[in-house]
There are 2 protein chains.
Amino acid sequence: MRSYHQFCGLAKALDLVGDRWTLLIVRELLLQGPARYSDLQRGLPGIATNLLGTRLRELVARGIVERRESAPPVATPLFALTAWGEELRPIVLALGRWAGRTLISPAPRDRVRSHWLALPLEHLLVDRTPQRAPVHIELRTGERPVTLEVAGEVRVHTRRSERPDAVLIAPPHVIIALLAGRLTLAAARARGLRLEGDASALKRVRPSSTGRRSTVPVTSGTYGPARPAPVRAR
Amino acid sequence: MRSYHQFCGLAKALDLVGDRWTLLIVRELLLQGPARYSDLQRGLPGIATNLLGTRLRELVARGIVERRESAPPVATPLFALTAWGEELRPIVLALGRWAGRTLISPAPRDRVRSHWLALPLEHLLVDRTPQRAPVHIELRTGERPVTLEVAGEVRVHTRRSERPDAVLIAPPHVIIALLAGRLTLAAARARGLRLEGDASALKRVRPSSTGRRSTVPVTSGTYGPARPAPVRAR
DNA sequence: CAGCATCCGCTTTGATACTG
DNA sequence: CAGTATCAAAGCGGATGCTG
């Protein structure tokens, strides 16, 4: 991208991550953690492969992403955010939250990925007993599973946990409603939730009290009980 | 811009403000408050006139900016952020802060405007006595003046205050160093500061204690005492 | 003159094809 | 799987011109 050539932090930020697709690539890396090229492609429907390649090269050159060559025998390179790149997390969250009011329901041409909806969960959920040992909760809904890492704060990523303490299997709107506190466990079960593992792990997370508006992007009709989830299955 | 067609808050945010120049226009409106077309042009060196027109139309259509036709006799239309647009303020600040580490010194082709540097001041400064009546401090440095509105929190804008409680006249690096607490008032005077009005108004603001890193974008050599300020004098 | 709209050459993007 | 190569279409930047 052409630089703005303005000596201003915002202009420099846009020089760095203002290109088309760039922040969405960062979103995927925030959600997926270290990811392969094809993992990124899957999370970025619509991107042209040459653009993904170009953007990754630029991000690496700028120090926002690092490319890790894996073990010599087989395996493929992984892309991961640098520490600096990770610092974009609150900004990406805030931007998503800012635009959340427009997320009423998917437009006809809109692609949906369930892990995208997991991003606001970080904002919505709070660890009630931060001093205890970390707990992993796996959510299976739609495509690939999403893991909630509850360890003082709540982190969401798409890596499958080694040994999750609890596994929730349900359509997105049920999982969201349950985690947002709008459904009891029993009510969620009645709507198709299957829970494996330790139910008490669930009690550890609860919606943060800042939820009044922050729930809007998540709920706002789209994943309300009245409507089937628009997530395309796998 | 083409939509990403992704049902995700971040993607929708980028559909709304991800175009080239759009967030910089928001920056100007955050800093200037309601502004005329030509005021915006002045704060956006490098923008093509047709793009500014197009972007403003898009921002109005999207509900982020409103266009106010002024009084019938003469006067020109004003552009202002809507309440929703104002909510971008912390995001724009955070983005600028994120990229702050790259603001070592202006590149040869970089344009500089002193009011851009005022943006991080909002982040840096804190009102020590929030319960007292608001105080206005006018900063004159380089081009047009910038006003600090100290009223519980600190807001920066480029409107000239009606009756400022204090006026600081000095090159940018002296003003920044003074406000960042790196120069005493006496030392600043020795470096060319002129202070008019109520000196005690100055005591009311102080650098926030989160300054360890946040000062980097502001200081980091660029406006340090050793180097003349690169702001082009009007 | 402020506030735009039009025109045109150039750059970036998007879709697809192709290769190690 | 992990990209590069190719090419058409769209977007941008700069100049210029029109209108109150």
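Nothing here was measured: the structure is a model prediction, and the numbers come from that model. Letters go in sequence order (proteins before strands), and every chain restarts at 1.
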TODO: With sequence neighbours left out, write down each residue that passes salt bridge (charged side-chain N to carboxylate O under 4.0 Å, His left out) with B:Glu149, or none if nothing qualifies.
DONE: none

Open item on the list: Can you list, in residue-number order, the parts of residues 13-21 of chain B that come under 4.0 Å of DNA chain D, counting heavy atoms only?
Closed with: B:Arg20, B:Trp21

Open item on the list: Tell me every residue that passes salt bridge (charged side-chain N to carboxylate O under 4.0 Å, His left out) with A:Arg67, counting only those two or more places apart in sequence or in another chain.
Closed with: A:Glu69

Open item on the list: Restricting to side chain to side chain donor-acceptor pair (under 3.5 Å), what partner residues turn up for B:Gln41, sequence neighbours left out?
Closed with: none

- [ ] Apply side chain to side chain donor-acceptor pair (under 3.5 Å) to B:Arg194 and list each qualifying residue two or more places apart in sequence or on a separate chain.
- [x] B:Glu196

TODO: Please list residues of residues 25-42 of chain B whose heavy atoms come under 4.0 Å from any atom in DNA chain D, ordered by number; otherwise none.
DONE: none

Task: Listed once per pair and sorted, the ring pair (Phe, Tyr, Trp, His ring centres under 6.0 Å) pairs that draw on residues 31-63 of chain B, sequence neighbours left out - done: none

TODO: Would you please name every residue forming a ring-ring contact (aromatic ring centres under 6.0 Å, His included) with A:Tyr4, sequence neighbours left out?
DONE: B:Trp21

TODO: With the side chain of B:Ala48 defined as its heavy atoms from C-beta on, choose the nearest nucleotide among D:dC1, C:dC4, D:dG14.
DONE: D:dG14

TODO: Specify the angle, to 10°, made by the local axes at the two ends of the helix from C:dC1-D:dG20 to C:dG20-D:dC1 when five pairs are taken at each end.
DONE: 30°

Report, one pair per line, the protein and nucleotides 16-20 of chain D atoms (nitrogen or oxygen only) whose separation is under 3.5 Å.
none

Task: salt bridge (charged side-chain N to carboxylate O under 4.0 Å, His left out) partners for B:Asp19, two or more places apart - done: B:Arg62

Task: Selection: residues 50-60 of chain B, any non-hydrogen atom under 4.0 Å of DNA chain D - done: B:Asn50, B:Leu51, B:Arg55

TODO: Would you indicate whether the side-chain heavy atoms of A:Gln6 and B:Arg113 approach each other to under 4.5 Å?
DONE: no

